[in-house]
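As structure tokens, the structure follows; a few thoughts come after it.
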Amino acid sequence: MTSKFWLVKSEPAEFSFDDLVTSPGRTTCWDGVRNYQARNFMRDGMRKGELVLFYHSNADPAAVVGVARIVREAYPDPTAFDASDPHFDPRSRAEAPTWVMVDLQAVERFTHAVALDALRKVKGLEKMALLQRGSRLSVQPVTSGEFALVRGLGQPEPV
DNA sequence: GCCAACGTTGGC
DNA sequence: GCCAACGTTGGC
């Protein structure tokens, strides 16, 4: 059973939803993921066309702020090969890349960002991975029901 | 800035 | 394989 919906975290000081919207083609490569579980979700789960909640972590407030779409499935993350990059990983070799990335395109902006404390109050989101104690995964699956609830609260408009 | 929770590393 | 030390995440 593969998830059809996802959530990604980004610190807006590093890369915000606005940064995605203003990127060429409203698209960016989701590089720099260095967690195996998150990597596996990208490599084994994410498929072209699936939708992604875009979450601002380390933000005030931390909140889901929009929706993106997967426009390219997993391919090698070149920042792992670049010794000058903060995400450099000498164990990742070009012949057998350890780390992958997908391409995400902005689809909708929430006119009402859905803050973390608001999410915690929503009946039906109790099991959402983001809300679990100690949850730190930067790429995580979301059920269709969870996605619909959050998207509804966000009152999205096309970007 | 604090610190709890978690993932990774490395000695043994 | 165990587990203590360490680094990172991310809410507050």
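The figures that follow rest on heavy atoms only: side chains count, while hydrogens, waters and symmetry mates do not. Residue numbers begin at 1 in each chain, while the letters A, B, ... track the order of the sequences. Remember, predicted model here, so these are calculated numbers, not experimental data.
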Discussion item. Strictly by salt bridge (charged side-chain N to carboxylate O under 4.0 Å, His left out), give each pair with a member in residues 95-119 of chain A just once, sequence neighbours left out.
Written reply: A:Asp18-A:Arg109, A:Arg93-A:Glu95, A:Glu108-A:Arg151
Discussion item. Please classify the nucleic acid contact of A:Arg39 as base, sugar-phosphate, or nothing, using heavy-atom distances under 4.0 Å.
Written reply: nothing
Fill in: Partners passing side-chain hydrogen bond (donor to acceptor under 3.5 Å, both in side chains) against A:Thr111 (at least two apart in sequence or in another chain)
none
Practice prompt. Using the test ring pair (Phe, Tyr, Trp, His ring centres under 6.0 Å), find all partners of A:Phe54 that sit at least two apart in sequence or belong to another chain.
Written response: A:Phe17, A:Trp30, A:His56
Find every protein N or O atom lying less than 3.5 Å from an N or O atom of nucleotides 4-9 of chain C, and list the pairs.
residue	atom	partner	partner atom	Å
C:dT8	O2	A:Arg136	NH1	3.1

Discussion item. Under the rule for side chain to side chain contact (heavy atoms under 4.5 Å, CB included), what residues qualify as partners of A:Ala38, not counting sequence neighbours?
Written reply: A:Val33, A:Asn35, A:Leu137, A:Ser138, A:Val139
Fill in: For A:Tyr36, ring pair (Phe, Tyr, Trp, His ring centres under 6.0 Å) partners two or more places apart
A:Trp99
